[in-house]
There are 2 protein chains.
Amino acid sequence: MKPVNVGICGLGTVGAGTLNVLTRNAGEIARRAGRGINVAQIALRSKHPKCDIEGIATTDDVFVLAHNPQIDIVVELIGGVDTARELVLAAIDQGKHVVTANKALIAVHGNEIFERAREKGVIVAFEAAVAGGIPIIKAIREGLAGNRIHWLAGIINGTGNFILTAMQQQGKSFAEALLEAQQLGYAEADPRFDVEGIDAAHKLTILASIAFGIPLQFDKVYTEGIGQITRADVNYAEALGYRIKHLGIARSGADGIELRVHPTLIPDERLLADVDGVMNAVMVSGDAVGQALFCGAGAGMDATASAVVADLVDVVRALTTDPENRVPHLAFQPEALSDHPVLPIDQCESAYYLRIQAQDHPGVLAEVARILSTHNINIESIMQKEAEEIDGLVPMILLTHRVQEARINQAIGALENLAGVNGKVVRIRLETLD
Amino acid sequence: MKPVNVGICGLGTVGAGTLNVLTRNAGEIARRAGRGINVAQIALRSKHPKCDIEGIATTDDVFVLAHNPQIDIVVELIGGVDTARELVLAAIDQGKHVVTANKALIAVHGNEIFERAREKGVIVAFEAAVAGGIPIIKAIREGLAGNRIHWLAGIINGTGNFILTAMQQQGKSFAEALLEAQQLGYAEADPRFDVEGIDAAHKLTILASIAFGIPLQFDKVYTEGIGQITRADVNYAEALGYRIKHLGIARSGADGIELRVHPTLIPDERLLADVDGVMNAVMVSGDAVGQALFCGAGAGMDATASAVVADLVDVVRALTTDPENRVPHLAFQPEALSDHPVLPIDQCESAYYLRIQAQDHPGVLAEVARILSTHNINIESIMQKEAEEIDGLVPMILLTHRVQEARINQAIGALENLAGVNGKVVRIRLETLD
């Protein structure tokens, strides 16, 4: 069969990686796909130092590719949301299939894009949007298709994981670890997108949608960053047998679906606790499969390109399929999506790590225990660090059983009003992942 | 669309699990697949205590299903090789698609079966044949389709991993750990299939084929079991920062492909080292993705059923596709399979753990070092356990750099002839997996 013609929009890191992988592995890819994948045109602002575009037609206008009749598949790698949306919709309108690595685009405009794609009978593939080279979209959407998925939890932002790993393993402060991440090129000059959890929330939106068969609802994800995590908390967590990871968690329950991104204590014997540095990992719990873990590089030139090229091969294979019989974009048939509500964070349930600066006399512990008991919150364990007394205050660390967020907040309010408690109570969610 | 009719051959653990998952998750599955999956007939020897077949037609002859004109997909779950082969070929000849969990069948007769399936334009899906519920076939065959895969290494036999975990964590002997595995139902009364590595070799055969695009070559897999592993070696390995795992390893090199199943020391900081008990995990190294790890339950009623049902959904979706454009059975187009040779174990390369019972005087170490140097083998580290002297003999443990198996065997022969060395040298392969 003759090669499929592809247009690559954007020659940044991922665009250059995609071109390189398509060139380097052209033989392997054609042996798999049964036909070659030919890059017919590239839209770029400037050349990339790590790839050779000799002999390939170029343009500086991405919309040229969307209207190029020779191109079968448009690969959107320009990033951002507004132009990317226009580009993808234009390509779809021209009857072209689309491959994108753009998590923000899918999380924010995916419902509209998939509806338009369905009308036109084309595919919009987005494996590269979540967890880089790990084929997690395919795993959940197809590999676990027999399951009722209960929950998933993922380390889906490499920058944040790099920072927390450096704090835990090298004893760095958040600021020191962030600086190192910036120096190594893992974090942007403006790191908020990563460390505040917005990037992870985009990815969680997508994962939850394909796991539970709900529309994309980025605006309903509760998002909390890692900027408030201190070395002290990392150390106390470790002493109690936990690590702090920045997780995206989606859980389906009787009352609704929890969608939340926040720092989380997890038991140190979980494999997820050992996923260090810029690595990504997603744990999925299904009624049939039990627990499965998918781990790999969450970003980077070649790893993300690996997912883009896998999508290209998938689309090439699907060119001759009946559109009605393809894997649905969001795993479930569009007319079978569920309206199970997303719960506000107040109604989410978690265990908690609480750190209290308490006056060093026995009566305080009794008062703390009384307040938690009044709010019907069970204590899993207590650790008091007498040796760390400063100005008559000692840190008291409590781990609670699972309780609704609203109730722990009420209890924290009461704790902060105690005479023997100083300042704010530090509160970090804890998940046992069992 | 009207439901697809499926026939289940065999109502053992996996058959019962498959029926249960199809029943329990019928709604979720239909929401994904766009149509229902109806079990039209079951071939069974006896009822299964954990599933209800009320209202489903049954037979005691599996070949009835292969010839039942109402059945679109035959699910082969009878196990064994000979009848299973006949059944699958009969179903294919009747134009039916096949889903199987039978690793031995695919490893031994897969080339013939896939050729016949291709002639008839039907699919033979086998996700459940490797690593239970982990969608590893799909991940390698589709999710990593853009990669040149360098190597993969997997814990792909849960029984063996349970035994090694019990030896390492609870200090049990091999015999004690095996007995516990049998009492818990993880190991058969005749455990050879698992502990001698034959089951793992079946799975490795399949993984290597889809990773490298080579025909299935079960007879060329080097297979070594875990029966010779002692608590002492587990402990010495641990002291040196390693764990012993029973791995299936496939590696593609310039001279050929290594296919080997054997006990292996791996660094304890690798995630794979923490995959304990009956869990399975496969690590894949590709030129684009880097390293990816896939982990989950490798066996069990529901986990294996998860893979069978995922295959069913895949086949249902592919019913309307052009057979020429489907994912090839062995990931690569049949006419594009490679004849890259499988290397005999003598030509494979590995690092090694050697344990020598040596006389307790300094001259022995010098002699040992001289012999290794003569054979051009570099020593990574040496540990001598003076405190464990018995009858003037102390264990001397050496870790070597990578070297061809033939050369280490020559060196071991020379070491065993040394006057200061007693008995056989214990030799376990070591892989750093980096």
Side-chain angles (χ1 to χ4, degrees), chain A residues 17 21-22 24-25 28-34 127 133-135 138-139 142-148 213 269 271 274-275 281 286-297 300 302-303 305-310 312-314 317-322 324-328 331-333 336, chain B residues 17 21-22 24-25 28-34 127 133-135 138-139 142-148 213 269 271 274-275 281 286-297 300 302-303 305-310 312-314 317-322 324-328 331-333 336:
Chain A
V21 170
L22 284 173
R24 186 172 77 224
N25 293 345
E28 296 269 305
I29 293 166
R31 283 176 64 209
R32 290 187 176 105
E127 181 64 76
I134 311 171
K138 184 175 282 284
E142 304 172 39
L144 303 179
N147 285 261
R148 185 178 300 271
E269 75 265 19
L271 281 183
D274 288 323
V275 173
D287 71 336
V289 74
Q291 294 190 354
L293 180 80
F294 305 87
C295 178
D302 277 14
S306 172
V308 171
V309 175
L312 280 170
V313 174
D314 264 3
R317 287 200 175 115
L319 289 175
T320 58
T321 55
D322 169 10
E324 291 299 310
N325 235 6
R326 289 178 189 143
V327 182
F332 292 73
Q333 302 292 328
Chain B
V21 170
L22 284 172
R24 185 171 77 224
N25 293 345
E28 296 269 304
I29 293 166
R31 283 176 64 208
R32 289 187 176 106
E127 180 65 76
I134 311 170
K138 184 174 282 286
E142 304 172 41
L144 302 179
N147 285 260
R148 185 178 301 269
E269 75 266 21
L271 281 183
D274 288 323
V275 173
D287 70 335
V289 75
Q291 293 189 353
L293 180 80
F294 306 86
C295 178
D302 276 15
S306 171
V308 171
V309 175
L312 280 171
V313 173
D314 264 4
R317 286 198 176 117
L319 289 176
T320 57
T321 55
D322 170 11
E324 291 298 309
N325 235 5
R326 290 180 189 142
V327 181
F332 292 74
Q333 302 293 325

Trainee: Is it the side chain or the backbone of A/Glu142 that comes within 4.5 Å of chain B heavy atoms, both, or neither?
Mentor: both
Trainee: Do any N or O atoms from the side chain of A/Arg31 and from the backbone of B/Phe332 form a donor-acceptor pair under 3.5 angstrom?
Mentor: no
Trainee: Examine whether an atom of A/Ala305 lies under 4.5 Å from a heavy atom of chain B, and if so say whether it belongs to the side chain, the backbone or both; otherwise answer neither.
Mentor: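 Contact with chain B is absent: no heavy atom of A/Ala305 under 4.5 Å.
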Trainee: Could you tell me which of B/Ala292, B/Cys295, B/Ala303, B/Gly133 has the largest number of non-hydrogen atom pairs under 4.5 Å with chain A?
Mentor: B/Cys295
Trainee: Can you tell which part of B/Glu127 gets under 4.5 Å to a heavy atom of chain A, answering side chain, backbone, both or neither?
Mentor: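 Neither part.
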Trainee: Do the side chain of A/Asp274 and the main chain of B/Leu271 share a donor and acceptor less than 3.5 angstrom apart?
Mentor: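 No, A/Asp274 side chain to B/Leu271 backbone: no donor-acceptor pair under 3.5 Å.
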Trainee: Taking all atoms of both residues into account, what is the closest heavy-atom pair of A/Asn25 and B/Gly146, and its distance?
Mentor: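 Result for this residue pair: ND2-O, 2.8 Å.
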Trainee: Under a 4.5 Å cutoff for heavy-atom pairs, which residue among B/Val309, B/Leu319, B/Leu312, B/Val289 has the most contacts with chain A?
Mentor: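 If we count pairs closer than 4.5 Å to chain A, B/Val289 comes out on top.
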Trainee: Taking side chain as everything from C-beta outward and backbone as N, CA, C, O, which of these in A/Val308 sits under 4.5 Å from a heavy atom of chain B? Side chain, backbone, both or neither.
Mentor: neither
Trainee: Check whether any side-chain heavy atom of B/Asp287 lies under 4.5 Å from a side-chain heavy atom of A/Asp302, and answer yes or no.
Mentor: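 B/Asp287 does not reach A/Asp302 side chain to side chain.
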Trainee: Quick check: closest heavy atoms across A/Ser306 and B/Ala288, and the distance to 0.1 Å?
Mentor: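 Answer, listing the atom of A/Ser306 first, then B/Ala288: CB-CB, 3.8 Å.
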Trainee: With a 4.5 angstrom heavy-atom cut-off, could you sort out which part of A/Ala281 is near chain B: side chain, backbone, both or neither?
Mentor: neither
Trainee: Any chance you could measure B/Asn147, atom CG, to A/Arg32, atom CZ, to the nearest 0.5 Å?
Mentor: 7.0 Å
Trainee: Top residue by heavy-atom pair count (under 4.5 Å) with chain A, among B/Gly34, B/Gly296, B/Ala331, B/Ala145?
Mentor: B/Ala145
Trainee: What closest approach, in Å, do B/Pro135 and A/Gly143 show between heavy atoms, and which atom pair accounts for it?
Mentor: CB-CA, 3.7 Å
Trainee: Check each of B/Asn325, B/Thr320, B/Thr321, B/Asp322 against A/Thr321 using the side chain to side chain contact (heavy atoms under 4.5 Å, CB included) test, and report the only one that passes.
Mentor: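 Answer after filtering B/Asn325, B/Thr320, B/Thr321, B/Asp322: B/Thr321.
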Trainee: With respect to chain A, which residue among B/Gln291, B/Lys138, B/Arg317, B/Arg148 yields the maximal number of heavy-atom pairs within a distance under 4.5 Å?
Mentor: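 The candidate making the most pairs under 4.5 Å is B/Arg317.
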Trainee: Quick check on B/Ala33 against chain A: is it the side chain, the backbone, both or neither that has a heavy atom closer than 4.5 Å?
Mentor: backbone
Trainee: By a 4.5 Å heavy-atom criterion (distance strictly below it), what part of A/Arg24 contacts chain B: side chain, backbone, both, or neither?
Mentor: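 The answer is both parts of A/Arg24.
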